[in-house]
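First comes the structure, then the notes that go with it.
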There are 2 protein chains.
Amino acid sequence: MLKAERRNFIMTKLVKEQRVNTIELAEVLGLSEDTIRRDLNKLHVKGLLEKVYGGAIPVSNKEENVFDIVISNEKKKREIGLKALSLLHDGQVIIMSGGTTNLVFSKLIPPLLKATIYTYSLPIAMQLSQYQNIDLIFIGGKMQKNAMVTIGMDVLQVLSKIKADICFMGASSINIKQGLTEVGYEVSIVKKAMLEASDKVVSMFTADKLNSKTPHVVCGIDRLNTIITDLNPDDELLKEYHSAGVIVL
Amino acid sequence: MLKAERRNFIMTKLVKEQRVNTIELAEVLGLSEDTIRRDLNKLHVKGLLEKVYGGAIPVSNKEENVFDIVISNEKKKREIGLKALSLLHDGQVIIMSGGTTNLVFSKLIPPLLKATIYTYSLPIAMQLSQYQNIDLIFIGGKMQKNAMVTIGMDVLQVLSKIKADICFMGASSINIKQGLTEVGYEVSIVKKAMLEASDKVVSMFTADKLNSKTPHVVCGIDRLNTIITDLNPDDELLKEYHSAGVIVL
DNA sequence: TTATTTACTGCAAATAATTGCAATGTTTTA
DNA sequence: TAAAACATTGCAATTATTTGCAGTAAATAA
């Protein structure tokens with residue numbers, strides 16, 4: 001592990017847990033406490049954290065910035081996104097749902113791809129707005145604040161009027177029996193409309209979502225053309241999905 | 001393997017794994033570490049990666065992060081925003097245009113304000129999405145990428161159907177004769193629609209926009225109820241506007 | 001206060017990076 | 001075509017960085 005990686009690891013842990021402990025870090029990283037302390041000192045000098053006796057905490061006066069989106073499991077999500085790139089082609093009409101997996105994917109899109117992309121996620125739209133050859137259409141409506149996506153009638157109405165080649169859909173949970181399920185009712189409705197509007201449906205999610213369930217059904221797995229996870233496609237966990245006729249990447 | 005190929009290989013691996021290790025690369029490519037280091041140096045000089053002890057990591061893309069919005073004259077814009085706060089009341093229906101002045105204003109809104117806000121700007125929507133008591137409606141449409149706002153028919157259609165109490169409108173340029181003018185045609189059209197949809201129009205801009213002109217007319221100054229700048233309201237520069245019946249804050 | 005835990009400092013060993021140099025291969029020029 | 005100029009690569013010597021350890025200092029807890 002490179003030093004830079006290690007410092008990243010520390011910062012990520014700090015953001016996630018709002019504190020880090022010197023001894024614990026030394027154990028986890030398999031290094032001496034001295035080294036960890038030196039890292040913490042460097043990060044402190046850079047103003048990235050506040051050192052305290054026993055470890056470190058986030059810098060106190062750092063005002064909460066809505067534009068800093070914390071992505072968990074970013075590495076896994078990047079692997080997923082890289083696999084998904086093979087599904088992109090010039091000229092496609094694409095619908096992208098929200099979620100951090102799709103956000104990571106958005107960052108990996110080839111800079112010169114020519115495509116039309118519909119989305120209803122603010123962060124994804126911001127990310128995609130940097131691509132010069134992409135026609136980007138934001139699906140307006142009432143904002144669901146925590147997820148930063150639009151929901152409701154307006155969204156459904158727009159989706160009912162478009163026809164896309166492919167749809168990249170995040171997932172709260174998936175299992176063989178119920179298929180794709182969502183935490184929120186409104187989001188499940190919107191996702192249903194996305195399905196209807198797309199020829200092909202690709203669902204991307206980290207393996208921890210496999211074989212879990214949330215309240216609102218979106219669709220059975222027979223409705224999915226492709227699923228992409230961070231696992232090897234012939235992992236035991238994915239066997240059932242493959243048998244059910246889903247392409248597993 | 002050509003040198004160019006090799007460097008491509010390194011860059012690809014770097015993007016995929018977010019790190020490369022000198023020794024590992026030397027093994028994989030069957031070359032000495034020295035050669036790899038020379039490659040990494042070249043790529044570093046070209047700005048394609050960040051060299052660190054033991055290998056390299058991607059260039060810290062903090063600078064080109066779309067989520068980091070650079071705000072010029074932030075201090076002045078904050079002054080303007082603070083003045084504008086007096087115009088906010090619970091229960092209002094508000095339309096907010098884009099621009100960094102409005103973005104700064106958005107950050108200053110009292111956390112508990114109860115209001116309905118329509119906007120067509122991605123950054124402003126992201127900012128406003130943190131307020132729990134604000135009903136936020138994003139006006140969808142085709143994205144204009146540099147400004148990160150939606151434009152076009154869809155936007156006009158939504159605006160034609162709403163009625164707001166107040167509209168906070170940024171400005172490219174303003175002068176006594178032509179009034180408010182814009183750089184882009186599409187944006188000027190959208191702003192006209194905003195005017196029509198609002199009882200009251202407030203325009204906020206830094207003083208450097210005063211007495212300047214851009215190609216596309218939005219409206220005469222008689223159409224503005226209030227203008228807010230970073231100047232003192234009875235500054236000489238604002239006299240004419242005051243005489244024309246505009247409230248100057 | 002004392003005991004205990006945590007942090008800092010200098011030092012040495014290990015690891016990595018840089019530099020000059022020579023051998024080899026490639027391109028340009030006469 | 002041959003010679004010269006240039007580029008690439010690996011090696012060795014030198015230099016720089018990182019790391020853990022030991023001793024000591026500082027902070028916290030009892």
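Here is how names work: the chains are called A, B, and so on, in the same order as the sequence lines, proteins then strands, and each is numbered from 1. In what follows, every heavy atom counts, from backbone to side chain, and hydrogens, waters and symmetry copies are set aside.
- The pair Glu50(B)-Arg19(B) fails the salt-bridge criterion, with no side-chain N (NZ, NE, NH1 or NH2) lying under 4.0 Å from an Asp/Glu carboxylate O.
- Relative ring orientation between Tyr185(A) and His216(A) is described as perpendicular, the plane-to-plane angle rising above 60° on a 0-90° scale split at 30° and 60°.
- Of the charged side-chain nitrogens involved, none lies within less than 4.0 Å of a carboxylate oxygen, so that Glu74(A) and Lys77(A) do not count as a salt-bridged pair.
- Salt bridge annotation for Arg37(A)-Glu33(A): present, with a cationic side-chain nitrogen under 4.0 angstrom from a carboxylate oxygen.
- Nucleotide dA16(C) holds its P atom 16 Å from the CG atom of Asn41(B), rounded to whole Å.
- Taken residue by residue, residues 20-29 of chain A places no heavy atom nearer than 4.0 Å to DNA chain D.
- For Asp90(A) and Lys114(A), the salt-bridge test fails: no basic side-chain N is under 4.0 Å from an acidic carboxylate O.
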Sugar-phosphate or base contact per nucleotide [nucleotides 16-29 of chain D; S, B, -; heavy atom under 4.0 Å]
-BSBBBB----BS-

Hey, mind stepping through Thr116(A) and Ile94(A) against side chain to side chain contact (heavy atoms under 4.5 Å, CB included) and telling me if it holds?
CA-CA 6 Å; Thr116(A) 300; Ile94(A) 301 166; over 6 Å; no

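- Not a single ring pair (Phe, Tyr, Trp, His ring centres under 6.0 Å) links Tyr118(A) to another residue, sequence neighbours left out.
- Taking a cutoff of 4.0 Å between a charged side-chain nitrogen and a carboxylate oxygen, Asp165(A) and Lys200(A) do not qualify as a salt bridge.
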